[in-house]
S.K.: 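One structure, pasted below without further comment.
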Amino acid sequence: MAENREILFLKPQLKDVVWGGNKLRDEFGYAAGDSTGECWGISAHPNGDCEIANGAYEGKTLAALYQEHRELFGDITAEEFPLLVKIIDAKQDLSIQVHPDDAYVKEHESCPYGKTECWYVMDCPEDAKLVIGHHAKTRQELADMIHEGRYEELIRQIPIKKGDFIQITPGTVHAIKGGFTILETQQSSDITYRVYDYGRLVDGKERPLHVKQSIDVINVPDKAGDEAVSHTDGLPDDTMNMLIACEFYKVWKLHVKTEVTVEQKYPFLLASVLEGEGSVNGTAVKKGAHFILPSGYGEAVFAGDMELILSTL
């Protein structure tokens, strides 16, 4: 057993993208620019491996810590650290896209994980909508609509408000729109198939589309439906409110108003502070902090006035 069972704080990895904005700098205080669209807050993925920011393992990356000290993660057997938590600031619309599942990427991409993900909507415009699902009845109709550019006819748009929670299973056509800030919990994968990108130019060129792969993996008929979206308004304060438990993760929302004791009985517990500030067992935390309570940590007392999303396997 490891002796160090301290809270593991992480240094976020920031990503500049064509659709990014300045919220991650101006509202969260990250060292971000004017087109930073993603903060990978908890990640061991090769495209953004976060360093531990404190304590006995300071300077070690999460991927290395996972390989060298598996006891901190409940001795789970996953080949690579399985989850990735990010904040997305979309100033413009993201591409219309779809993610593959584990079986498809193992066959076609030589990656360990497909991409099941979920979104907690931290902010969005009034009367906002997201692309979730599509209207094609058969795979042939889907292919025809994509090849003929009939995207408005193809995509399904769903009204969304702040505080909504959305599960995006592999094969679901989706797109985040401009004005959304989202906390995303996902499998540790960076595989995205672009169906359509509005003809946008990056460095004078259109970004590549993945039409064949998209037609391969999109669910037909669409399975997303209204059940993809749930509302979190009205959930009790000072309680670990489970938003989802699926094969790949469990996710909770916690709005601390006074004090909450959380028993860390999981292989690990990931936490991101979305709003406010407070403390965990006396250690100060505030909006923008990302940390891990390792296996065997015991009781964690959350105090203050803050909103968090937590997750584990």
Side-chain angles (χ1 to χ4, degrees), residues 17 19 37-38 84-101 104 114-139 141-143 145-146 149-187 189-198 200 209-211 213-233 242-249 251 253 309 311:
V17 286
W19 42 262
E38 298 189 353
L84 195 164
V85 176
K86 64 174 73 160
I87 296 174
I88 292 174
D89 167 28
K91 191 170 185 178
Q92 300 173 27
D93 294 356
L94 275 69
S95 60
I96 296 171
Q97 54 190 241
V98 65
H99 300 311
D101 62 13
Y104 191 88
K115 197 171 178 191
T116 299
E117 66 187 30
C118 59
W119 305 336
Y120 177 77
V121 178
M122 298 164 65
D123 198 15
C124 66
E126 290 285 317
D127 302 319
K129 291 182 176 180
L130 289 174
V131 175
I132 305 169
H134 67 86
H135 296 297
K137 300 291 187 288
T138 66
R139 199 161 299 280
E141 186 182 15
L142 172 77
M145 290 168 108
I146 290 174
R150 292 153 54 200
Y151 296 106
E152 287 303 314
E153 199 182 329
L154 172 67
I155 61 173
R156 184 169 182 270
Q157 301 201 52
I158 295 180
I160 298 291
K161 61 182 192 294
K162 184 175 174 176
D164 281 354
F165 180 76
I166 301 137
Q167 171 80 336
I168 302 288
T169 55
T172 302
V173 175
H174 62 276
I176 297 170
K177 290 180 165 283
F180 274 80
T181 310
I182 282 174
L183 186 287
E184 179 172 301
T185 305
Q186 58 163 89
Q187 290 180 274
S189 171
D190 201 20
I191 302 286
T192 293
Y193 295 143
R194 270 188 219 106
V195 184
Y196 179 59
D197 196 34
Y198 316 101
R200 274 189 292 215
L209 300 180
H210 310 94
V211 172
Q213 296 97 321
S214 298
I215 292 168
D216 278 352
V217 305
I218 290 172
N219 296 325
V220 184
D222 180 56
K223 298 176 189 170
D226 293 312
E227 63 269 18
V229 181
S230 54
H231 309 300
T232 70
D233 41 0
M242 183 171 276
L243 300 178
I244 194 163
C246 71
E247 179 186 352
F248 303 105
Y249 44 69
V251 178
K253 180 184 178 184
I309 294 287
S311 56

S.K.: Do Lys86 and Gln186 pair up side chain to side chain, a donor and an acceptor below 3.5 Å, judged on atom types alone?
M.R.: yes
S.K.: For the CG atom of Leu142 and the OG atom of Ser214, what is their distance to the nearest 0.5 Å?
M.R.: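 Separation between the atoms: 8.5 Å.
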S.K.: Would you say that Ile176 contacts Val131 through its side chain, given a criterion of any heavy-atom pair below 4.5 Å between the two side chains?
M.R.: no
S.K.: Who passes side chain to side chain contact (heavy atoms under 4.5 Å, CB included) against Thr192, sequence neighbours left out?
M.R.: Gln97, His99, Lys115
S.K.: Just jot down the side-chain hydrogen bond (donor to acceptor under 3.5 Å, both in side chains) partners of Tyr196, sequence neighbours excluded, or say none.
M.R.: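 In terms of side-chain hydrogen bond (donor to acceptor under 3.5 Å, both in side chains), with neighbours along the sequence ignored, Tyr196 is linked to no residue.
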S.K.: For Thr172, enumerate each residue passing the side-chain hydrogen bond (donor to acceptor under 3.5 Å, both in side chains) test, keeping only those at least two apart in sequence or located in another chain.
M.R.: Thr169
S.K.: Nearest heavy-atom pair of Val98 and His174: which atoms, and what distance?
M.R.: CA-CE1, 4.0 Å
S.K.: Which pairs pass side-chain hydrogen bond (donor to acceptor under 3.5 Å, both in side chains) with one or both residues in residues 121-134, sequence neighbours excluded?
M.R.: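 Applying side-chain hydrogen bond (donor to acceptor under 3.5 Å, both in side chains) to every pair that reaches into residues 121-134, excluding sequence neighbours, yields Lys23-Asp123.
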S.K.: Sequence neighbours excluded, which residues qualify as side-chain hydrogen bond (donor to acceptor under 3.5 Å, both in side chains) partners of Lys253?
M.R.: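 Expected list: Tyr120, Thr232.
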S.K.: Taking side chain to side chain contact (heavy atoms under 4.5 Å, CB included) as the test, write out the residues that go with Arg150, two or more places apart.
M.R.: Asp144, Met145, Glu148, Glu153
S.K.: Before giving the answer on side chain to side chain contact (heavy atoms under 4.5 Å, CB included), spell out for Val251 and Phe165 the whole-Å C-alpha distance, their side-chain angles and the decisive distance to 0.1 Å.
M.R.: CA-CA 10 Å; Val251 178; Phe165 180 76; 4.2 Å; yes
S.K.: List the residues meeting salt bridge (charged side-chain N to carboxylate O under 4.0 Å, His left out) with Asp101, not counting sequence neighbours, and say none if there are none.
M.R.: none
S.K.: How many angstroms lie between atom CG of Leu94 and atom CD1 of Ile88, to the nearest 0.5 angstrom?
M.R.: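 Taking CG in Leu94 and CD1 in Ile88, the distance rounds to 6.5 Å.
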S.K.: Checking Thr116 now: which residues fulfil side-chain hydrogen bond (donor to acceptor under 3.5 Å, both in side chains) with it, not counting sequence neighbours?
M.R.: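 Listed in chain order: Gln187.
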S.K.: Can you tell me how far apart OG (Ser311) and CG (Leu243) are? Round to the nearest 0.5 Å.
M.R.: 10.5 Å
S.K.: For Pro125, check side chain to side chain contact (heavy atoms under 4.5 Å, CB included) against everything at least two apart and list the hits.
M.R.: Ala128, Phe180
S.K.: Which heavy atom of Thr185 sits nearest a heavy atom of Tyr249, and at what distance?
M.R.: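 Smallest interatomic distance, heavy atoms only, reads O-CE2, 4.0 Å.
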S.K.: State, to 0.1 Å, how close Ala228 and Ile132 come at their nearest heavy-atom pair, and which atoms those are.
M.R.: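 Looking at all heavy atoms of both residues, the shortest contact is CB-CG2, 4.1 Å.
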S.K.: Please list, one pair per line, the donor and acceptor atoms closer than 3.5 Å that link side chains of residues 154-162 to other protein atoms, with sequence neighbours excluded.
M.R.:
residue, atom, partner, partner atom, Å
Arg156, NH2, Asp226, OD1, 3.3
Lys161, NZ, His231, ND1, 3.3

S.K.: Could I get the full list of side chain to side chain contact (heavy atoms under 4.5 Å, CB included) partners for Gln213, not counting sequence neighbours?
M.R.: Tyr104, Tyr193, His210
S.K.: Tell me if the CD atom of Glu152 is crowded by more than 12 foreign heavy atoms within 6.0 Å.
M.R.: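 No, CD of Glu152 has 12 or fewer neighbouring heavy atoms, counting only those of other groups under 6.0 Å.
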S.K.: Passes side chain to side chain contact (heavy atoms under 4.5 Å, CB included), Leu183 versus Val121? Steps please.
M.R.: CA-CA 7 Å; Leu183 186 287; Val121 178; over 6 Å; no
S.K.: Within the structure provided, determine whether Ser230 and Asp164 are in side-chain contact (heavy-atom separation under 4.5 Å).
M.R.: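 Not touching, per the 4.5 Å side-chain cut-off.
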S.K.: Given the rule in the side chain to side chain contact (heavy atoms under 4.5 Å, CB included) test, do Ile146 and Ile218 qualify, once you have shown the distances and angles that lead to the verdict?
M.R.: CA-CA 12 Å; Ile146 290 174; Ile218 290 172; 4.3 Å; yes
S.K.: Please tell me if the side chains of Arg200 and Trp19 come closer than 4.5 Å, counting only heavy atoms from C-beta onward.
M.R.: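 Of all side-chain heavy-atom pairs linking Trp19 with Arg200, at least one is under 4.5 Å.
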S.K.: Any side-chain heavy-atom pair from Ile87 and Ile182 closer than 4.5 angstrom?
M.R.: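 They are not in side-chain contact.
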S.K.: Between Ser95 and Val195, is any pair of side-chain heavy atoms under 4.5 Å apart?
M.R.: no
S.K.: Would you check, one step at a time, whether the test side chain to side chain contact (heavy atoms under 4.5 Å, CB included) holds for Cys118 with Ile168?
M.R.: CA-CA 6 Å; Cys118 59; Ile168 302 288; over 6 Å; no
